[in-house]
Amino acid sequence: MQGYKVIKPRSLFLYKMGNDTGITAYESLGADINKQKGETAPETKQGVVSDKLPELTLEMADEEIIKLTTKWEKSWKDSAKKAEWEKQIEENEKYWLGQQFDKPQADKSRAMVDNLIFESLETFLPQATRRNPEPLVTLDATIDTTPQYEAFVQKTKNRLADLADKNKIRLKLKKAARHWAIYQLGVAKFGWNLDRDIPTVKILRPQRVILDPDSTIDEDGYTGERIGEYRKLTASKILSLIGDKAPEAGSEEGPSSARRAIDEVAKDNLATEVQFQEWWTPTYMCWVLGKTVLLKKKNPHWNYDMPAVETQVDIYGNEMPGTEEQLGHNHFSSPDMPYSFLTVFNLGDQPMDKTSLISQNLANQDLINKRNRQITKNADGMNGGVVVSLARSGLTATQAKNVTEALRKGGVIVIPDGSPREAIDRYPAPALPPDIYNQLADTRARLRDIFGVKGSSQAGLEGEDTVRGKIISRGLDTDRIGGGVTEYLEQFADDIYNWFLQLLYVYDTGFQFVPETVPPKIIVSVKEGSLLPKDSTTIANQALELAKLNRISTLDLFKRLEYPNPEELAANVWLEQNAPHILYKNNPLVQEVILQQQMAAQAQGEAEVAARDQETANQTNESAQSHQQNLETEALKGQMKLREGAQKSLLSQVPTK
């Protein structure tokens with residue numbers, strides 16, 4: 001660590017040996033030197049199975065805190081589990097980087113490797129973290145719903161979605177998953193960003209945390225009662241956070257022990273980064289630098305109850321009103337350490353995975369490299385060596401050594417007599433059997449199968465000739481990744497959202513305000529399957545088929561097609577059909593066409609009106625003519641009746657007898 005010197009126990013032992021060669025040798029037989037500590041006792045043993053350690057409290061003296069944290073650190077460093085874990089992850093990291101064997105002498109720049117581990121892991125990660133985890137917020141089953149509670153639930157859901165975007169949670173999940181794949185452990189730490197005034201989550205390198213070697217990590221979380229972390233901050237930042245100012249000139253009060261420790265390390269250069277240890281238990285936390293406790297306090301990520309204060313009267317008789325007891329409202333049921341861990345291949349006997357996808361593929365990667373070297377060596381030997389007969393070529397041994405170089409440069413070799421083939425001949429290497437190439441292809445496919453990405457890479461789909469076969473192979477990868485790792489990532493994201501809400505309760509005083517009542521108990525989770533990789537091509541084809549049948553809205557269609565702005569696109573479609581002049585109001589050419597269409601429509605309308613008027617006039621004329629004809633007909637009928645009446649009167653005057 002930076003900032004203080006550590007004397008190793010073995011060095012201290014040798015120092016004592018040099019000063020006292022008699023008693024020290026005898027005492028060392030029972031000494032605690034070079035003995036592993038913190039190992040898990042047999043699972044069936046009863047009684048004390050760990051070192052006897054006190055509990056961290058604020059009442060402890062600084063010296064006792066230093067002794068306790070030193071024991072915690074030593075227990076982790078001396079653990080055989082940590083030693084084995086570091087050996088595994090070092091090998092995993094080298095293979096991921098492509099540093100898989102010593103570089104050939106012929107290649108001074110880089111090793112000739114076909115790094116399938118890097119390809120498979122970096123194909124796996126986008127599949128496992130393709131989508132943002134969707135938060136689900138609901139009232140607890142024991143709470144009766146009210147309009148105020150429903151509004152609070154909706155506000156919480158919107159705020160969590162906003163924080164996920166501001167914290168770039170999808171990229172941080174991918175980083176945690178990469179750490180898990182390489183280092184067999186993913187670590188997230190939660191806190192409050194003072195600069196941005198929002199909850200934040202950071203993904204830590206697992207090597208920077210100090211765990212309890214006897215603890216485990218399972219679906220219920222970390223079982224240990226302590227977590228340490230090697231942190232780095234500038235000296236000025238540390239002093240501002242612990243509230244330690246330099247003493248004023250002339251003041252009799254000297255600097256505090258924390259100030260002296262920082263000054264000793266930074267040498268008045270406050271921009272210097274200082275590394276220290278940060279320790280957490282569920283109820284307390286402290287900062288330790290060497291033999292100095294920089295800070296100790298109760299867990300700050302918790303709203304503690306405020307006890308009632310009775311009314312008091314000061315010495316002047318002024319009454320000081322008391323206060324009622326105030327209950328602290330929290331999302332969690334009890335204080336917790338601000339860390340979350342990602343493990344998958346854990347057997348419950350250590351706080352990190354027993355193995356990893358990379359560890360399971362080391363032998364396959366070695367075999368791929370071996371076969372590639374074998375093929376490369378055979379290809380290099382296809383030119384073959386040259387055999388020279390000194391008797392038939394007439395060359396000396398020294399001259400014969402230059403034959404290969406002369407032939408390579410296109411030179412001429414003179415043979416005194418006889419056939420050149422009898423004097424000089426090449427012996428090319430025989431071709432490798434097909435089994436070599438078949439094994440190489442099978443090993444590559446096997447490595448991708450273990451990662452679950454065979455159907456997600458172009459090379460893995462070469463053996464599938466049909467589209468249906470490719471889709472089925474891709475679906476098998478989705479099921480493998482979704483059922484194997486994604487569900488753990490969803491739980492990891494679940495922890496992140498719940499910590500965000502707890503931090504909002506503690507540091508954002510206005511967030512948990514509910515009119516005329518206290519915040520209800522709510523459940524925050526992640527929608528199941530929201531991180532699952534989905535086949536975009538299949539989803540798009542299904543959406544297009546539904547669109548042909550008019551069984552999907554335009555907005556849902558664009559969402560299925562994963563356009564970045566589906567609402568805007570759907571609105572444009574509606575405007576183009578119903579109000580194109582609004583959609584294209586800023587385009588002069590379109591406006592000109594619309595104006596011409598309007599003028600044409602107006603002219604057509606006027607023509608139709610004129611035609612209707614002419615038709616009406618014609619109908620009126622026809623009606624008038626018909627009426628005149630009817631009048632004339634009626635007049636003629638009247639005249640005919642008068643004539644018939646006159647004829648009847650004349651006949652009546654003629655005698656009948």
Side-chain angles (χ1 to χ4, degrees), residues 124-141 143 145 149-178 180 186 188 190 198-203 219 221 331-332 340 342 344 475 477-505 508 511 520-540 542-543 552-553 555-570:
F124 167 88
L125 291 178
Q127 295 292 322
T129 59
R130 183 170 182 176
R131 301 175 183 273
N132 269 331
E134 182 179 346
L136 291 179
V137 183
T138 58
L139 287 172
D140 187 84
I143 304 297
T145 182
Y149 287 170
E150 290 295 336
F152 182 75
V153 167
Q154 187 60 41
K155 180 179 72 171
T156 301
K157 182 177 181 180
N158 294 339
R159 187 68 183 278
L160 291 178
D162 179 63
L163 290 173
D165 180 67
K166 291 181 178 179
N167 277 274
K168 302 177 179 61
I169 191 171
R170 181 180 170 190
L171 295 179
K172 291 185 178 180
L173 286 176
K174 183 177 294 186
K175 184 177 181 180
R178 183 179 286 111
W180 161 78
F190 310 100
I198 61 172
T200 184
V201 56
K202 292 185 178 298
I203 305 302
E219 59 277 1
H331 175 58
F332 291 156
S340 182
L342 175 63
V344 178
D477 284 356
T478 300
D479 294 340
R480 166 70 187 283
I481 295 174
V485 177
T486 303
E487 58 186 358
Y488 290 92
L489 281 172
E490 288 178 354
Q491 184 58 50
F492 193 68
D494 186 296
D495 294 341
I496 293 176
Y497 284 133
N498 279 277
W499 262 106
F500 280 174
L501 185 56
Q502 172 64 23
L503 293 170
L504 287 172
Y505 270 48
D508 190 342
F511 174 78
K521 185 178 180 181
I522 58 178
I523 304 299
V524 178
S525 59
V526 171
K527 182 179 179 181
E528 184 179 357
S530 60
L531 274 173
L532 282 176
K534 297 178 176 60
D535 186 357
S536 300
T537 303
T538 302
I539 295 175
Q542 292 174 350
I552 188 173
S553 68
L555 178 59
D556 292 332
L557 173 62
F558 287 134
K559 286 183 177 180
R560 296 288 184 87
L561 296 178
E562 295 186 349
Y563 283 98
N565 51 347
E567 291 84 1
E568 181 180 351
L569 291 175

| query | What is the minimum heavy-atom distance between Ile203 and Ala188, and which atoms define it? | reply | CD1-CB, 3.9 Å

| said: Within this structure, what is the CD-CD distance for the pair Glu219 and Gln491, rounded to the nearest 0.5 Å? | reply: 9.5 Å

| request: Output the distance between atom CG (Asn132) and atom CG (Leu173), rounded to the nearest 0.5 Å. | output: 8.0 Å

| said: Restricting to ring pair (Phe, Tyr, Trp, His ring centres under 6.0 Å), what partner residues turn up for Tyr505, sequence neighbours left out? | reply: none

| message | Parallel, tilted or perpendicular, judged at 30° and 60°: which one describes the rings of Phe190 and Trp499? | response | parallel

| message | Looking at Lys155, I'd like to know if its NZ atom is crowded, meaning that more than 12 non-hydrogen atoms belonging to other residues, nucleotides or ligands lie closer than 6.0 Å. | response | yes

| task | Taking Asn158 for its side chain and Gln154 for its backbone only, find out whether a donor-acceptor pair lies under 3.5 Å. | result | yes

| field | Minimum heavy-atom distance between Ser525 and Asp494, given as atom pair plus value | value | CA-OD2, 3.0 Å

| query | Considering residues, nucleotides and ligands other than Phe332, do more than 12 of their heavy atoms fall under 6.0 Å from its CZ? | reply | yes

| task | Determine whether Lys166 and Thr200 make a side-chain contact, defined as any pair of heavy atoms from C-beta on separated by less than 4.5 Å. | result | no

| query | For Lys172, does its backbone N or O pair with a side-chain atom of Asn167 as donor and acceptor, under 3.5 Å? | reply | no

| message | So Leu489 and Trp180, do their side chains get closer than 4.5 Å, heavy atoms only? | response | no

| Got Leu501 and Ile522 here, is their nearest side-chain heavy-atom distance under 4.5 Å? | yes

| request: Taking all heavy atoms of Ala543 and all of Ile552, pick out the closest pair and write down the distance. | output: O-CG2, 3.9 Å

| query | Do Asn498 and Gln502 have side-chain N/O donor and acceptor atoms under 3.5 Å apart? | reply | no

| request: Can you see which heavy atom on Ala161 is nearest to which on Pro135, and at what distance? | output: N-CG, 4.4 Å

| field | Lys NZ or Arg CZ of Lys157 over Tyr497 ring: under 6.0 Å, within 45° | value | no

| message | When you compare the side chain of Tyr149 with that of Ile143, does any pair of heavy atoms fall below 4.5 Å? | response | yes

| Rounded to the nearest 0.5 Å, what separation is found between the OG1 atom of Thr138 and the NZ atom of Lys521? | 11.5 Å

| request: Could you tell me whether the side chain of Val524 reaches within less than 4.5 Å of the side chain of Phe500, counting heavy atoms only? | output: no

| query | Once you round to the nearest 0.5 Å, how far does CD of Glu568 lie from CZ of Phe558? | reply | 11.0 Å

| task | Indicate the atoms forming the closest heavy-atom contact of Leu163 with Pro199, along with that distance. | result | CD2-CD, 3.8 Å

| message | With a 4.5 Å cut-off on side-chain heavy atoms, are Ser340 and Phe492 touching? | response | yes

| Test item: Leu171 and Lys175 side chains (from C-beta on) under 4.5 Å apart, heavy atoms | no

| note | Between Thr129 and Lys174, the two heavy atoms sitting closest are OG1-CE, 3.3 Å

